[in-house]
S.K.: 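There's a structure below that I have some questions on.
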Amino acid sequence: MTTMTLEDNAVLDPVMRDRVEQLQLRYIHAIDDGPLDDWPSCFTEKCLYLIQARDNADRGQELGVMRFITRAMLRDRATATQHAAVFAPRTIRHLLGRSLIDIIENGEIRARTNVAIYQTSPDGDTMLLVAAQYRDIIVEDGADLKFREKRVVYDTFRLPDSIVYPL
Amino acid sequence: MTTMTLEDNAVLDPVMRDRVEQLQLRYIHAIDDGPLDDWPSCFTEKCLYLIQARDNADRGQELGVMRFITRAMLRDRATATQHAAVFAPRTIRHLLGRSLIDIIENGEIRARTNVAIYQTSPDGDTMLLVAAQYRDIIVEDGADLKFREKRVVYDTFRLPDSIVYPL
Amino acid sequence: MTTMTLEDNAVLDPVMRDRVEQLQLRYIHAIDDGPLDDWPSCFTEKCLYLIQARDNADRGQELGVMRFITRAMLRDRATATQHAAVFAPRTIRHLLGRSLIDIIENGEIRARTNVAIYQTSPDGDTMLLVAAQYRDIIVEDGADLKFREKRVVYDTFRLPDSIVYPL
């Protein structure tokens with residue numbers, strides 16, 4: 001287990017970049033493969049999880065179709081999603097690019113990561129649900145990296161009526 | 001050339017992760033760019049290559065639309081595919097996420113990797129062929145990493161009638 | 001900041017691979033997130049940027065729908081694109097696989113990278129614009145890696161009438 005302190009000059013450090021990628025992978029596989037209970041554990045206790053349209057993000061607005069500010073809220077959401085019987089089961093598949101680390105400063109890593117999210121409906125057809133970008137603030141939390149902020153900024157603004165799973 | 005022994009605590013080792021990624025890249029580019037003869041060389045002599053629906057995989061069933069258990073069988077398939085004149089040429093393009101390494105144990109690496117596979121038909125249109133996940137068991141074989149098992153678990157169960165190329 | 005000389009045996013070096021990936025990320029984010037002025041800075045002063053169909057690439061032809069041979073030409077293109085008012089705004093999103101480094105020789109890295117490029121139209125629908133492969137020659141240029149050649153070889157030959165942004 002490698003631990004290291006976030007330093008401002010760590011931008012090009014491969015180990016740190018690798019740890020960032022691993023956090024992103026844990027995040028998407030918790031959604032795609034489950035259990036969804038692992039999803040909140042990718043965040044710090046106080047955090048921001050925000051799904052928002054690119055227009056809003058670029059204007060600096062905090063409006064979003066989903067917004068949570070604590071890990072407890074994320075846990076409630078994960079539980080509710082797993083027990084909701086109102087929607088037909090569907091399969092989510094994240095295709096994730098690598099993370100571009102913009103800056104490491106004051107113990108925070110700011111990174112952008114492109115993502116395409118596919119959804120397979122109960123009748124077996126797969127469609128692109130959304131093309132988006134994660135804009136994250138990542139910090140050390142104990143021995144792990146976690147998301148202090150994760151903004152899912154989506155290009156596709158004809159979203160399906162209800163986003164069931166986190167993106 | 002770096003070689004190293006697979007140890008149980010190697011999960012976070014960047015060199016090992018890099019070698020896993022390289023194996024995945026060799027695999028997809030053998031299919032996408034050819035020659036397809038390179039495809040079997042990504043596997044151990046005795047192996048499992050299985051294409052199966054997610055439902056079957058999750059129920060632990062070994063049913064699949066394509067199933068090979070030796071490298072010799074993979075070679076036969078590669079040869080047959082390249083000489084078959086019954087289908088129009090098409091172009092395959094794999095978009096591959098990074099590999100989430102779940103465990104390294106007893107000299108085996110178990111990894112999950114999301115993949116989207118696109119197919120361009122002879123008239124030039126590109127469509128998503130399948131969204132899937134590779135569930136692999138990877139081992140040292142001489143100086144290289146190779147697949148002892150590669151399960152292509154697909155979400156999209158409306159597959160085209162005939163899967164011509166390996167996925 | 002790590003610098004190193006390109007040596008012929010550097011194929012498996014993780015730091016070098018990481019630097020290649022970072023160059024690719026800078027390239028796609030200059031297009032997706034802007035400013036597009038950063039896009040030419042990914043190339044050497046004399047360079048080749050060529051968008052061409054796979055058939056032409058495989059026949060060794062230099063024909064292409066876009067072809068530039070100096071950074072100054074790329075800068076002109078970037079400026080023109082940003083000031084052109086004749087087209088409706090659209091959002092581009094690159095999903096990029098990892099780079100397969102084929103060879104490092106004479107100070108040149110030759111790499112292949114699969115890419116899927118999505119476009120979101122002004123009415124908010126996202127479509128796959130093109131599935132393609134970057135075939136690059138990358139060199140040291142001062143402290144950075146840069147593209148001496150970038151060939152965008154596309155599978156999808158029903159391209160939209162006008163390619164507005166670089167691919």
Side-chain angles (χ1 to χ4, degrees), chain A residues 2 7-21 24-25 28 52-58 65 93-104 110-119 126-135 151-160 167, chain C residues 1-4 10 12-35 38-39 42 88-100 111 113-131 134 143-145 165:
Chain A
T2 309
E7 291 172 20
D8 292 8
N9 62 355
V11 176
L12 284 176
D13 180 74
V15 173
M16 185 54 71
R17 187 137 40 218
D18 204 57
R19 292 180 67 202
V20 169
E21 307 274 353
Q24 302 285 10
L25 283 177
I28 66 167
Q52 63 179 169
R54 197 185 179 194
D55 274 1
N56 287 335
D58 288 346
V65 297
R93 191 65 54 208
H94 286 71
L95 260 293
L96 197 64
R98 294 199 78 191
S99 296
L100 180 65
I101 297 180
D102 284 315
I103 193 166
I104 302 183
R110 290 170 182 264
R112 287 176 280 163
T113 313
N114 285 353
V115 62
I117 307 176
Y118 298 93
Q119 179 173 290
T126 302
M127 55 163 288
L128 179 71
L129 183 62
V130 74
Q133 181 175 90
Y134 294 142
R135 299 185 186 170
R151 292 165 191 264
V152 184
V153 178
Y154 56 91
D155 301 334
T156 316
F157 40 93
R158 276 202 201 159
L159 281 184
L167 293 182
Chain C
M1 181 69 201
T2 310
T3 63
M4 59 183 295
L12 284 176
D13 181 74
V15 173
M16 185 54 72
R17 188 136 41 218
D18 204 59
R19 291 180 66 202
V20 169
E21 308 275 353
Q22 287 307 110
L23 175 62
Q24 302 284 9
L25 283 177
R26 281 206 298 131
Y27 176 93
I28 66 167
H29 285 282
I31 298 170
D32 291 0
D33 306 339
D38 289 345
W39 169 66
C42 298
R90 62 207 74 186
T91 301
I92 303 294
R93 190 66 53 206
H94 287 70
L95 259 292
L96 198 63
R98 294 198 79 191
S99 296
L100 180 66
T113 314
N114 285 353
V115 61
I117 307 177
Y118 298 93
Q119 179 173 290
T120 301
S121 62
D123 61 3
D125 286 322
T126 301
M127 55 163 290
L128 179 71
L129 183 62
V130 75
Y134 294 143
D144 297 320
L145 290 184
Y165 291 98

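To find a chain, count down the sequence lines: A is the first, B the second, and so on, and within it residues start at 1. Any value given below was found using the heavy atoms of this structure, including those in side chains, with hydrogens, waters and symmetry copies removed.
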S.K.: Would you please say whether a donor-acceptor pair under 3.5 Å links the side chains of C/Q24 and A/R98?
M.R.: no

S.K.: Carefully, step by step, assess C/Q22 and A/R17 under the rule side chain to side chain contact (heavy atoms under 4.5 Å, CB included).
M.R.: CA-CA 11 Å; C/Q22 287 307 110; A/R17 187 137 40 218; 2.9 Å; yes

S.K.: With a 4.5 Å cut-off on heavy-atom pairs, point out which of A/G97, A/A53, A/A116 contacts chain C the most.
M.R.: A/A116

S.K.: Taking all non-hydrogen atoms of both residues, which atom of C/R93 and which atom of A/Q133 are closest, and how far apart?
M.R.: NH1-NE2, 3.2 Å

S.K.: To the nearest 0.5 angstrom, please state how far the CG atom of A/D155 sits from the OH atom of C/Y118.
M.R.: 11.5 Å

S.K.: Side chain, backbone, both or neither: which part of A/R112 has an atom under 4.5 Å from a heavy atom of chain C?
M.R.: both

S.K.: Under 4.5 Å from any heavy atom of chain C, what part of A/L100 do you find: side chain, backbone, both or neither?
M.R.: both

S.K.: Can you give me the closest heavy-atom contact between A/N114 and C/H94, atom names plus distance?
M.R.: ND2-O, 2.9 Å

S.K.: Between C/L128 and chain A, with a heavy-atom cut-off of 4.5 Å, which part of the residue counts as in contact: side chain, backbone, both or neither?
M.R.: neither

S.K.: Please report the shortest heavy-atom distance between C/L95 and A/V115, naming the atom on each side.
M.R.: CD2-C, 3.9 Å

S.K.: Kindly give the heavy-atom pair with the smallest separation between C/T126 and A/A131, and that separation in Å.
M.R.: CG2-CB, 3.9 Å

S.K.: Please round to the nearest 0.5 Å and tell me the distance separating atom CG of A/D55 and atom OG1 of C/T91.
M.R.: 7.5 Å

